[in-house]
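Quick notes on the structure that follows.
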Amino acid sequence: MTRPQNRQDRRSRPTRQTLFGVTLDALTMDETVQRCLDAVKRGEQIEIGMVNAAKLVNMRRDPRLAAAVSGCDLVLADGQAVVWAGRVLGVRLPERVAGIDLFMRLLAAAEAEGVPVYLLGARQEVLELMLGRIAERFPALRVAGSRNGYFEDADQPAIADAVARSGARLLFLGMTSPKKEIFTAGYGERTGAHVVHGVGGSFDILAGITKRAPAVWQRVGLEWFYRALQEPRRLGKRYLTTNTAFLLMTVRELIRRTPSALPPATSSAGSANRSH
């Protein structure tokens with residue numbers, strides 16, 4: 001199943017920016033929330049892709065992930081390192097739009113507007129804990145349905161149909177990459193949700209299973225390090241590897257974009273170079 005072809009081409013939008021060959025939407029958090037609420041009001045669909053340093057590295061290694069993310073209607077800078085890399089490379093991204101913060105803003109808006117939501121992802125016990133926390137924080141929120149994120153690929157059509165039957169207008173996917181991106185690409189439209197947002201490990205944070213980095217860690221771009229400290233065996237090597245690769249990507253791109261300081265070659269030298 002492929003995404004519909006009649007949506008506005010993201011590349012034609014004035015807010016677009018290209019970083020490492022990926023088209024990003026240069027939006028603030030407020031602008032993103034408004035874009036999502038407008039989609040609900042108009043009955044349109046927005047699939048949201050989030051990129052951080054690790055995902056941009058993995059997109060170069062995994063063509064299926066790259067296609068799934070690039071095909072989203074909005075692709076946003078979830079990681080502070082992405083915003084900083086953009087500044088270094090002359091690509092304007094106004095601010096980080098963190099997936100979990102967007103998740104919370106949309107839950108609050110959904111409660112205020114009476115918009116039904118569906119929560120898909122995490123282990124069953126984590127999902128139940130999160131639902132309890134959400135009920136306390138957003139007592140008037142209409143939860144149209146929920147399901148854990150442990151299912152086979154063959155189950156995806158039935159799950160998408162269940163979301164559609166629920167009448168949910170906002171669908172949040174608390175699953176890891178690339179599973180959430182591939183589900184969105186293949187079945188986002190089928191769910192009938194007007195906004196499909198992959199929120200990764202946000203379910204675990206809302207459930208109280210893992211802790212989010214303090215605000216000061218977030219501001220200096222060390223949220224990944226805080227996560228690694230909580231799960232060093234699972235995340236330590238992964239973050240070290242991907243962050244190093246991202247730094248190298250940025251340096252290579254900076255070198256590629258920087259004009260050579262050498263004087264232009266003479267016509268004879270140029271001719272000699274071309275002929276040899």
side-chain contact (heavy atoms from CB on, under 4.5 Å) between R123 and F203, worked out: CA-CA 9 Å; R123 302 190 311 272; F203 284 16; over 6 Å; no
Nearest heavy atoms of D204 and A122, plus distance in Å: OD1-CB, 4.3 Å
Verdict with reasoning, R96 to D78, per side-chain contact (heavy atoms from CB on, under 4.5 Å): CA-CA 6 Å; R96 176 193 183 199; D78 178 37; 4.2 Å; yes
Side chain proximity check, K55 to S177, heavy atoms < 4.5 angstrom: yes
Joint hydrophobic cluster, L65 plus M249, side-chain heavy atoms closer than 4.5 Å: yes
L24 CG to S70 OG distance, which is reported to the nearest 0.5 Å: 9.0 Å
Inter-residue atom distance D155.CG - R147.CZ, 0.5 Å rounding: 6.5 Å
Student check: side-chain heavy atoms of F103 and L119 closer than 4.5 Å: yes
Hphob cluster co-occupancy, L129 + L173, side-chain heavy atoms under 4.5 angstrom: no
Pair I100-L206, side-chain contact (heavy atoms from CB on, under 4.5 Å): steps then yes or no: CA-CA 9 Å; I100 185 170; L206 263 65; 4.0 Å; yes
Shortest non-hydrogen contact between E31 and T28, atoms and distance: OE1-N, 2.9 Å
Derivation of the side-chain contact (heavy atoms from CB on, under 4.5 Å) call for S202 and M104: CA-CA 10 Å; S202 298; M104 300 304 292; over 6 Å; no
Partner of F172 by side chain to side chain contact (heavy atoms under 4.5 Å, CB included), out of L120, V195, L107: L107
Shortest non-hydrogen contact from G99 toward V199: O-CG1, 4.3 Å
Approximate separation, where rounding is to 0.5 Å, of R87 CZ and L89 CG: 12.5 Å
Min side-chain heavy-atom separation H194-K41 under 4.5 Å: no
Side chains of E111 and I134 in contact at under 4.5 Å (non-hydrogen atoms): no
Same apolar cluster (I L V M F W Y, side chains within < 4.5 Å links), Y150/V126: no
Nearest non-hydrogen partners of V196 and G188, listed with the distance: CG2-O, 4.1 Å
Side chain to side chain, I159 and F183, heavy atoms closer than 4.5 Å: yes
Cluster link I182 to L74, ILVMFWY, side chain under 4.5 Å: no
Gap between atom CG of L37 and atom CZ of R105 - 0.5 Å precision: 9.0 Å
Donor-acceptor under 3.5 Å (Q45 side chain, A193 main chain): yes
Spatial distance of atom CG (L248) from atom CG (N243) [nearest 0.5 Å]: 11.0 Å
Donor-acceptor contact below 3.5 Å, side chain R142 vs main chain G114: yes
Polar side-chain atom of N58 near backbone of A54 as donor-acceptor pair, under 3.5 Å: yes
Transitive ILVMFWY side-chain link V88 to F246, under 4.5 Å: yes
Residue R257 excluded, over 12 heavy atoms near CZ under 6.0 Å: yes
Under 3.5 Å donor-acceptor, Q156 side chain and D153 backbone: yes
Non-hydrogen side-chain atoms of F20 and M59 separated by less than 4.5 Å: no
Expected output: side-chain Q230 to main-chain K211 donor-acceptor under 3.5 Å: yes
Check: T250 and E253 side chains under 4.5 Å, non-hydrogen atoms: no
Salt-bridge present (E223, R212; N to O < 4.0 Å): yes
Side-chain donor-acceptor pair present, D30, Q34, cut-off under 3.5 Å: no
Side chains of I48 and L102 in contact at under 4.5 Å (non-hydrogen atoms): yes
Value rounded to 0.5 Å, distance of OG1 in T184 from NE2 in H197: 10.5 Å
Nearest atoms (heavy-atom pairs only) where V69 meets V51: CG1-CG1, 3.8 Å
Smallest separation among heavy atoms of D73 and D25, with atom names: O-OD2, 3.8 Å
Sidechain-backbone polar pair: R137 side chain, A135 backbone, donor-acceptor under 3.5 Å: no
